[in-house]
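Reading through the structure tokens given below for one structure.
The figures here come from the full heavy-atom set of this structure, side chains too, leaving out hydrogens, waters and symmetry mates. All ligand and atom numbering here is 1-based and tracks the order in the structure.
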Amino acid sequence: MKDQHEFVPYERDLYNKEEMIERSAAFYAWADTRRSVRDFSDKPVPKEVMENLIMTGSTAPSGAHKQPWTFCLISNAELKSKLRELAEEEERKSYEGRMSEQWLKDLEPLGTDAVKEFIDIAPWIVVIMKRAYETGPEGEKLNNYYVSESVGLAAGFFLLAVHHAGLVALTHTPSPMNFIAKALDRPDNERPFLLIPVGYPAEGVRVPDLKRKEKAEVIEYYE
Ligand code: IYR
């Protein structure tokens with residue numbers, strides 16, 4: 001028999017149909033109040049909170065349960081400003097030529113540009129790294145599986161945990177992101193996945209008046 005995890009009983013709360021409908025509707029309504037926010041307050045957030053949010057992200061399912069992620073938790077002001085400088089350098093190149101006309105047009109309603117002051121201002125920057133492989137005891141490469149899917153799920157769980165704590169976040173994707181791995185001195189098996197400032201929203205913050213897709217636009221039924 002192959003090595004495998006010991007199996008243990010698993011029980012969870014069960015709800016009747018009405019409760020289920022009520023709970024799912026309430027959770028949806030609450031999740032729908034989450035917004036990406038680009039303007040942060042510099043008000044501090046306890047490290048313990050951030051650790052809880054990250055550990056919630058780390059409960060996500062992953063290929064063969066390899067949990068192929070590292071969350072870099074950054075509050076160091078010098079490091080943040082270095083990351084900002086490098087991110088802005090890449091973003092300027094993107095906005096001034098690397099992004100297509102259509103892409104720039106699609107971003108217009110969001111009001112984004114190459115200035116990324118939130119990296120300096122937000123009390124915490126979380127850089128999620130994906131771990132392409134692990135290194136075994138003899139230096140051999142051990143595969144991880146479905147790494148992008150797994151890390152995407154962990155990021156989603158993390159973002160919802162941020163929302164649950166009454167904080168806001170922005171999923172920032174400076175591209176290319178290699179500068180981040182270098183600035184953070186990460187090992188060769190890690191690649192940057194997302195840079196996520198987390199904190200309180202700036203006073204009087206405004207967000208674009210976005211509409212989310214309707215049921216009929218996101219669900220295809222096969223009954
Ligand atoms: N990475 C750039 C551009 C950008 C791209 C997408 I897709 C967005 O939804 C928002 C921004 C930036 O962060 O500005």
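- The environment of Glu19 atom CD is dense: over 12 non-hydrogen atoms of other residues, nucleotides or ligands sit within 6.0 angstrom.
- Between Arg84 and Glu88 there is a salt bridge, since a side-chain N of the basic residue sits under 4.0 Å from a carboxylate O of the acidic one.
- Atom 2 (C) of ligand 1 has as its closest protein heavy atom Glu91 OE1, 2.9 Å.
- Distances below 4.0 Å separate heavy atoms of Lys116 from the following atoms of ligand 1: 12 (C), 13 (O), 14 (O).
- If you check which protein heavy atom lies closest to atom 1 (N) of ligand 1, you get Thr173 O, 3.1 Å.
- Applying the salt bridge (Lys or Arg N to Asp or Glu O under 4.0 Å) rule to Glu91 yields no partners; only residues at least two apart in sequence or on another chain are considered.
- Scanning all protein heavy atoms for the shortest distance to atom 3 (C) of ligand 1 gives Tyr95 OH, 3.4 Å.
- Of the heavy atoms in Leu107, only side-chain atoms (C-beta onward) come closer than 4.0 Å to ligand 1.
- Under a cutoff of 6.0 Å and an axis angle of 45°, Lys141 and Tyr133 form a cation-pi pair.
- For the pair Arg38 and Phe118, the NZ or CZ position fails the cation-pi test of under 6.0 Å to the six-membered ring centre and within 45 degrees of the ring normal.
- In terms of protein heavy-atom proximity, atom 7 (I) of ligand 1 is closest to Trp103 NE1, 3.7 Å.
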